[in-house]
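In this chain, numbering begins with 1 at the start of the sequence shown.
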Amino acid sequence: LDLAVRTAGLISDDKLRAHTLWSLTTERQINGDHNSATETAEMAEQATAEIKRPFTRVWMFSEIALEHFSARRKASAWSAFERALAIAENLDSAWGRSRALARLASALIELSDGANN
(Lines give C-alpha, C1' and ligand atoms only; values in the text may rest on other atoms or scores of the structure.)
Protein backbone atom coordinates (compact mmCIF):
# COMPACT_ATOMS: atom_id res chain seq x y z
CA LEU A 1 0.00 0.00 0.00
CA ASP A 2 2.93 2.37 0.53
CA LEU A 3 3.73 2.27 -3.20
CA ALA A 4 0.06 2.78 -4.04
CA VAL A 5 -0.12 5.85 -1.81
CA ARG A 6 3.05 7.32 -3.31
CA THR A 7 1.74 6.64 -6.80
CA ALA A 8 -1.65 8.15 -5.96
CA GLY A 9 0.12 11.31 -4.87
CA LEU A 10 1.39 11.69 -8.43
CA ILE A 11 -2.06 11.70 -10.04
CA SER A 12 -2.59 15.10 -11.66
CA ASP A 13 -6.40 15.06 -11.63
CA ASP A 14 -7.43 16.46 -8.23
CA LYS A 15 -10.66 14.47 -7.90
CA LEU A 16 -9.09 11.19 -8.96
CA ARG A 17 -6.13 11.75 -6.62
CA ALA A 18 -8.40 12.54 -3.66
CA HIS A 19 -10.76 9.66 -4.37
CA THR A 20 -7.86 7.23 -4.69
CA LEU A 21 -6.32 8.43 -1.44
CA TRP A 22 -9.67 8.04 0.37
CA SER A 23 -9.89 4.48 -0.95
CA LEU A 24 -6.36 3.73 0.24
CA THR A 25 -7.18 5.24 3.64
CA THR A 26 -10.06 2.78 3.92
CA GLU A 27 -7.82 -0.14 2.95
CA ARG A 28 -5.32 0.81 5.61
CA GLN A 29 -8.07 1.08 8.21
CA ILE A 30 -9.43 -2.32 7.24
CA ASN A 31 -5.94 -3.79 7.56
CA GLY A 32 -5.58 -2.29 11.04
CA ASP A 33 -2.76 0.07 10.03
CA HIS A 34 -4.27 3.06 11.82
CA ASN A 35 -1.12 5.23 11.91
CA SER A 36 -0.65 4.93 8.16
CA ALA A 37 -4.39 5.38 7.65
CA THR A 38 -4.18 8.69 9.51
CA GLU A 39 -1.28 9.84 7.32
CA THR A 40 -3.10 8.80 4.16
CA ALA A 41 -6.28 10.55 5.36
CA GLU A 42 -4.28 13.75 5.79
CA MET A 43 -3.08 13.41 2.20
CA ALA A 44 -6.66 12.75 1.09
CA GLU A 45 -7.89 15.85 2.94
CA GLN A 46 -5.24 17.95 1.25
CA ALA A 47 -6.11 16.52 -2.16
CA THR A 48 -9.81 17.13 -1.47
CA ALA A 49 -9.08 20.77 -0.61
CA GLU A 50 -7.32 21.12 -3.97
CA ILE A 51 -10.49 20.19 -5.86
CA LYS A 52 -11.54 23.58 -7.18
CA ARG A 53 -15.28 23.04 -7.58
CA PRO A 54 -17.33 22.21 -4.48
CA PHE A 55 -19.83 20.37 -6.72
CA THR A 56 -17.03 17.99 -7.68
CA ARG A 57 -16.33 17.32 -3.99
CA VAL A 58 -20.03 16.55 -3.45
CA TRP A 59 -19.98 14.14 -6.38
CA MET A 60 -16.80 12.45 -5.12
CA PHE A 61 -18.11 11.93 -1.59
CA SER A 62 -21.41 10.60 -2.91
CA GLU A 63 -19.45 8.09 -5.01
CA ILE A 64 -17.41 7.14 -1.97
CA ALA A 65 -20.60 6.71 0.05
CA LEU A 66 -21.99 4.29 -2.51
CA GLU A 67 -18.71 2.37 -2.66
CA HIS A 68 -18.71 1.95 1.12
CA PHE A 69 -22.33 0.90 1.04
CA SER A 70 -21.65 -1.73 -1.63
CA ALA A 71 -18.88 -3.09 0.56
CA ARG A 72 -21.28 -3.24 3.54
CA ARG A 73 -19.51 -0.47 5.44
CA LYS A 74 -22.72 1.35 6.29
CA ALA A 75 -21.30 3.71 8.91
CA SER A 76 -18.59 4.85 6.50
CA ALA A 77 -21.19 5.19 3.74
CA TRP A 78 -23.36 7.47 5.84
CA SER A 79 -20.33 9.46 6.98
CA ALA A 80 -19.28 10.14 3.37
CA PHE A 81 -22.88 10.99 2.45
CA GLU A 82 -23.13 13.46 5.33
CA ARG A 83 -19.88 15.07 4.27
CA ALA A 84 -21.22 15.49 0.72
CA LEU A 85 -24.44 16.97 2.11
CA ALA A 86 -22.52 19.47 4.25
CA ILE A 87 -20.58 20.64 1.20
CA ALA A 88 -23.79 20.94 -0.84
CA GLU A 89 -25.43 23.07 1.85
CA ASN A 90 -22.74 25.70 1.37
CA LEU A 91 -22.95 25.98 -2.41
CA ASP A 92 -23.69 29.57 -3.43
CA SER A 93 -24.97 28.85 -6.91
CA ALA A 94 -28.59 27.74 -7.08
CA TRP A 95 -27.77 25.73 -10.20
CA GLY A 96 -24.81 23.98 -8.58
CA ARG A 97 -26.74 23.37 -5.36
CA SER A 98 -29.69 21.87 -7.25
CA ARG A 99 -27.38 19.57 -9.24
CA ALA A 100 -25.59 18.51 -6.06
CA LEU A 101 -28.84 17.84 -4.22
CA ALA A 102 -30.14 15.82 -7.16
CA ARG A 103 -27.01 13.68 -7.00
CA LEU A 104 -27.39 13.29 -3.25
CA ALA A 105 -31.07 12.38 -3.61
CA SER A 106 -30.06 9.61 -5.99
CA ALA A 107 -27.42 8.35 -3.56
CA LEU A 108 -29.86 8.61 -0.66
CA ILE A 109 -32.35 6.39 -2.48
CA GLU A 110 -29.70 3.72 -2.88
CA LEU A 111 -28.51 4.03 0.73
CA SER A 112 -32.05 4.03 2.09
CA ASP A 113 -33.22 1.09 -0.06
CA GLY A 114 -30.24 -0.92 1.09
CA ALA A 115 -30.86 0.01 4.72
CA ASN A 116 -34.37 -1.39 4.45
CA ASN A 117 -33.17 -4.71 3.00
Side-chain angles (χ1 to χ4, degrees):
L1 287 175
D2 290 338
L3 177 59
V5 170
R6 285 194 304 274
T7 302
L10 301 174
I11 297 171
S12 61
D13 180 89
D14 295 333
K15 178 183 176 243
L16 182 57
R17 183 176 60 255
H19 193 144
T20 302
L21 288 166
W22 284 118
S23 295
L24 292 168
T25 298
T26 298
E27 288 302 316
R28 286 188 154 168
Q29 290 170 338
I30 289 169
N31 290 329
D33 189 357
H34 300 293
N35 290 334
S36 293
T38 299
E39 292 173 12
T40 306
E42 289 171 3
M43 293 174 66
E45 288 290 355
Q46 180 178 349
T48 299
E50 292 172 5
I51 298 172
K52 291 172 183 59
R53 295 176 51 219
F55 174 76
T56 303
R57 289 192 294 271
V58 170
W59 196 275
M60 179 190 70
F61 280 115
S62 67
E63 289 173 348
I64 291 170
L66 293 173
E67 289 167 8
H68 281 304
F69 191 77
S70 292
R72 300 178 193 259
R73 295 185 297 265
K74 291 182 182 181
S76 295
W78 284 109
S79 177
F81 178 84
E82 289 168 3
R83 184 144 183 205
L85 184 60
I87 295 167
E89 288 174 350
N90 293 314
L91 291 174
D92 293 332
S93 159
W95 172 246
R97 189 172 43 255
S98 66
R99 288 177 56 213
L101 292 174
R103 172 63 178 152
L104 288 169
S106 175
L108 181 59
I109 289 168
E110 290 188 50
L111 295 173
S112 295
D113 282 350
N116 294 330
N117 294 332

Value for CZ (Phe55) from CZ (Arg103), rounded to nearest 0.5 Å, stands at 8.5 Å

Which atom pair, heavy atoms only, marks the closest approach of Ser12 to Arg17?
O-NH1, 3.6 Å

Between Thr25 (side chain) and Leu21 (backbone), is there a donor-acceptor pair under 3.5 Å?
yes

Between Glu63 and Trp59, is there a side-chain donor-acceptor contact under 3.5 Å, judged purely by atom types and distance?
yes

Nearest 0.5 Å, what's the CZ-CD distance between Phe81 and Glu110?
11.0 Å

Search all heavy atoms of Leu66 against all heavy atoms of Ala107 and return the closest pair with its distance.
CD2-O, 4.0 Å

Which heavy-atom pair separates Ala18 from Met60 by the least distance, and what is that distance?
CB-SD, 3.6 Å

Apply side-chain contact (heavy atoms from CB on, under 4.5 Å) to residues Arg73 and Gln29 and explain how you reach the verdict.
CA-CA 12 Å; Arg73 295 185 297 265; Gln29 290 170 338; over 6 Å; no

Give a yes or no on whether the backbone of Trp22 and the side-chain of Thr26 come within a donor-acceptor separation of less than 3.5 Å.
yes

Mind checking the OG1-NZ spacing from Thr48 to Lys15? Nearest 0.5 Å is all I need.
11.0 Å

Once you round to the nearest 0.5 Å, how far does CG of Asp33 lie from CG of Leu1?
8.0 Å

Using residues 84-94 as the side-chain source, report each donor-acceptor pair under 3.5 Å to any protein atom, sequence neighbours left out, with the distance given to one decimal.
from  : atom 1 : to    : atom 2 : distance (Å)
Asn90 : ND2    : Ala86 : O      : 3.2
Ser93 : OG     : Trp95 : N      : 3.3
Ser93 : OG     : Gly96 : N      : 3.0

Closer than 4.0 angstrom, basic N to acidic O: yes or no for Arg28 and Glu42?
no

What distance separates Ile51 CD1 from Thr56 OG1, expressed to the nearest 0.5 Å?
7.0 Å

Once you round to the nearest 0.5 Å, how far does CG of Leu104 lie from CG of Leu111?
9.5 Å

